[in-house]
Novice: 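Could you have a look at this structure, given as structure tokens, before my questions?
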Amino acid sequence: CHAQEVVTHSVTVGYTVNGNSAATLPEGVTVEILGEDGLPVTDLANVVEGTIKIKVKAEGFDIVVTCNDTPVTMDGGAGTFDLTADATLSVTLTTQTDHAGTAEDPYSVADALAIAGAIGQGNYTEKVYIEGLVIDAGENKGSYLSNIYIADTADGTEMLVYSANFSETVATIYEGDTVVFHGYITNYNGTLEIAPHGEYVYMTAVTRGSRPITVTMENATTNLPDSA
């Protein structure tokens, strides 16, 4: 009798989170590789040939998995592929949002915070549109403002806009205005913010809001008409 030959292959797993390569996964996200026996694979350099299962737990993310650039059908966060040669798995995670991040459908502040919280420190998104209520209009630097704070509502969670330039359509903003910013979402040393990244952030649209105006009158004189 001859022992059945065991054939093994290597499996390399790479991760992309919100458009950025990631060495670590966002908090709460797990990826598990199971062999044909249903047990977790502990040595990805020597995976026994056969049908391999990948399980991805990533609440709040859209999941796309490819094996050697071929899509793996995922159902409920799980999919299988046949391992007959060395394989490269790519796991792409994209934060689920309520808006598209386009000029027509800008991200909300909640969307932007969720994206920034997942991409890892030092990473940036592509250039996107974000709309928010101005809580603090920041400091006027002439052609731009710095340290603007926006939120979805007056008492909502705030997000920093590190700096944003005025544009042909937006010459000034005030607290209480709703403004659309065209820029990059980032996690800068733990601060979730909108910031320049090779290109400036621009304010592209504004909807004026209501805000209190205080008027002080001194030595005012009112002339009343004579009575009839």
Side-chain angles (χ1 to χ4, degrees), residues 15-27 29 58 60-64 92-211:
Y15 304 106
T16 300
V17 180
N18 290 332
N20 292 271
S21 296
T24 58
L25 292 170
E27 184 177 354
V29 174
F61 292 90
D62 291 325
I63 305 166
V64 174
T92 300
L93 304 176
T94 304
T95 299
Q96 295 172 346
T97 57
D98 293 329
H99 303 276
T102 62
E104 296 76 20
D105 185 25
Y107 286 134
S108 65
V109 174
D111 288 339
L113 287 170
I115 292 168
I119 61 176
Q121 292 190 24
N123 290 322
Y124 293 79
T125 64
E126 62 183 358
K127 202 169 189 181
V128 295
Y129 291 86
I130 311 98
E131 182 178 66
L133 176 70
V134 177
I135 305 300
D136 184 337
E139 185 177 352
N140 194 318
K141 299 290 188 177
S143 62
Y144 70 96
L145 299 175
S146 65
N147 296 322
I148 309 161
Y149 283 89
I150 60 175
D152 286 325
T153 61
D155 57 353
T157 302
E158 297 179 9
M159 187 174 194
L160 170 67
V161 181
Y162 180 76
S163 66
N165 285 46
F166 297 114
S167 66
E168 292 182 358
T169 54
V170 181
T172 186
I173 64 171
Y174 304 97
E175 293 177 18
D177 289 345
T178 297
V179 178
V180 176
F181 298 88
H182 190 205
Y184 303 89
I185 299 170
T186 185
N187 178 339
Y188 184 78
N189 293 331
T191 300
L192 310 183
E193 62 183 62
I194 300 161
H197 182 57
E199 296 181 5
Y200 294 125
V201 177
Y202 281 94
M203 294 172 270
T204 61
V206 59
T207 301
R208 298 299 181 193
S210 59
R211 55 193 181 277

Novice: Looking at every non-hydrogen atom in both residues, tell me the closest pair between Ala58 and Ile63 and how far apart they are.
Specialist: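 In terms of heavy atoms, the two residues are closest at CB-CD1, 4.1 Å.
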
Novice: State whether the side chain of Ser167 and the backbone N or O of Tyr202 hold a donor-acceptor pair below 3.5 Å, judged by distance alone.
Specialist: no

Novice: For Asn140, what residues pass the side-chain hydrogen bond (donor to acceptor under 3.5 Å, both in side chains) criterion, not counting sequence neighbours?
Specialist: none

Novice: Is the backbone of Ala100 close enough, under 3.5 Å, to the side chain of Asp105 for a donor and an acceptor to pair up by distance?
Specialist: yes

Novice: Looking only at side chains, do Gln121 and Asn187 share a donor and an acceptor under 3.5 Å apart?
Specialist: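 Short answer, no.
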
Novice: Can you check whether Gly132's main-chain N or O pairs, donor with acceptor, with Thr178's side chain at less than 3.5 Å?
Specialist: no

Novice: Taking the six-membered ring for Trp, are Tyr184 and Tyr124 parallel (under 30°), tilted (30 to 60°) or perpendicular (over 60°)?
Specialist: perpendicular

Novice: Looking at Ala110, is its backbone amide N or carbonyl O close enough to the side chain of Asp152 to form a donor-acceptor pair, meaning the two atoms are under 3.5 Å apart?
Specialist: yes

Novice: Provide the closest heavy-atom pair for Thr157 versus Ala151 in the form atom of the first, atom of the second, distance.
Specialist: O-CB, 3.5 Å

Novice: Using modelled atom types only, decide if a donor and an acceptor are shared between the side chain of Asp177 and the backbone of Val206 within a distance under 3.5 Å.
Specialist: no

Novice: Would a distance-only check, ignoring hydrogens and angles, find a side-chain to backbone donor-acceptor pair under 3.5 Å from Asn20 to Asn18?
Specialist: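 Pair found, side chain donor or acceptor close to backbone of Asn18.
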
Novice: In this structure, are over 12 heavy atoms from other groups packed under 6.0 Å from Tyr200 atom OH?
Specialist: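 Incorrect, the count does not exceed 12.
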
Novice: List in chain and number order the residues that pass salt bridge (Lys or Arg N to Asp or Glu O under 4.0 Å) with Glu139, two or more places apart in sequence or in another chain; answer none if no residue qualifies.
Specialist: Lys141

Novice: With side chain to side chain contact (heavy atoms under 4.5 Å, CB included) as the criterion, how do Ile150 and Ile194 come out once you've worked through the C-alpha distance, each side chain's angles and the decisive distance to 0.1 Å?
Specialist: CA-CA 10 Å; Ile150 60 175; Ile194 300 161; 4.0 Å; yes

Novice: Met203 and side chain to side chain contact (heavy atoms under 4.5 Å, CB included): which partner among Thr172, Leu145, Val180, Asn165?
Specialist: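 That would be Leu145; it is the only one of Thr172, Leu145, Val180, Asn165 passing the side chain to side chain contact (heavy atoms under 4.5 Å, CB included) with Met203.
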
Novice: Write out all pairs satisfying ring pair (Phe, Tyr, Trp, His ring centres under 6.0 Å) with one or both partners inside residues 128-163, taking only residues at least two apart or from two chains.
Specialist: Tyr129-His182

Novice: Step through the shown structure and confirm whether more than 12 heavy atoms of other residues, nucleotides or ligands are within 6.0 Å of OH on Tyr188.
Specialist: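 Result for OH/Tyr188: open.
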
Novice: Any idea which heavy atoms bring Ala112 and Ile185 closest together, and the distance?
Specialist: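 What the structure gives for the nearest pair is O-CG2, 3.5 Å.
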
Novice: Just checking Tyr107 against His99, ring centres under 6.0 Å apart?
Specialist: no

Novice: Side chain to side chain contact (heavy atoms under 4.5 Å, CB included) for Leu93 and Asp62? Distances and angles first, verdict last.
Specialist: CA-CA 6 Å; Leu93 304 176; Asp62 291 325; over 6 Å; no

Novice: Under 6.0 Å from the CD atom of Glu126, do we count more than 12 heavy atoms belonging to anything else shown?
Specialist: no

Novice: Are the side chain of Ser146 and the backbone of Ser163 linked by a donor-acceptor contact shorter than 3.5 Å?
Specialist: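 A pair under 3.5 Å: no.
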
Novice: Measure across Val17 and Ala118 and return the closest heavy-atom pair with its distance rounded to 0.1 Å.
Specialist: CG1-O, 3.2 Å

Novice: Taking all heavy atoms of Val170 and all of Thr204, pick out the closest pair and write down the distance.
Specialist: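 Looking at all heavy atoms of both residues, the shortest contact is CG2-C, 3.7 Å.
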
Novice: Tell me yes or no: between the side chains of Thr95 and Thr97, is some donor less than 3.5 Å from an acceptor?
Specialist: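 Side chains of Thr95 and Thr97: no pair found under 3.5 Å.
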
Novice: Is the backbone N or O of Gly19 less than 3.5 Å from a side-chain atom of Thr16, with the two atoms forming a donor-acceptor pair by type?
Specialist: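 No; judged by distance alone, with no hydrogens or angles, the pair does not exist.
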
Novice: May I ask you to test the Ile130-Pro106 pair for a side-chain heavy-atom distance under 4.5 Å?
Specialist: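 Ile130 does not reach Pro106 side chain to side chain.
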
Novice: On a heavy-atom basis, which atom in Ala164 and which in Ile148 lie closest, and how many Å separate them?
Specialist: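 That would be CB-CD1, 4.0 Å.
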
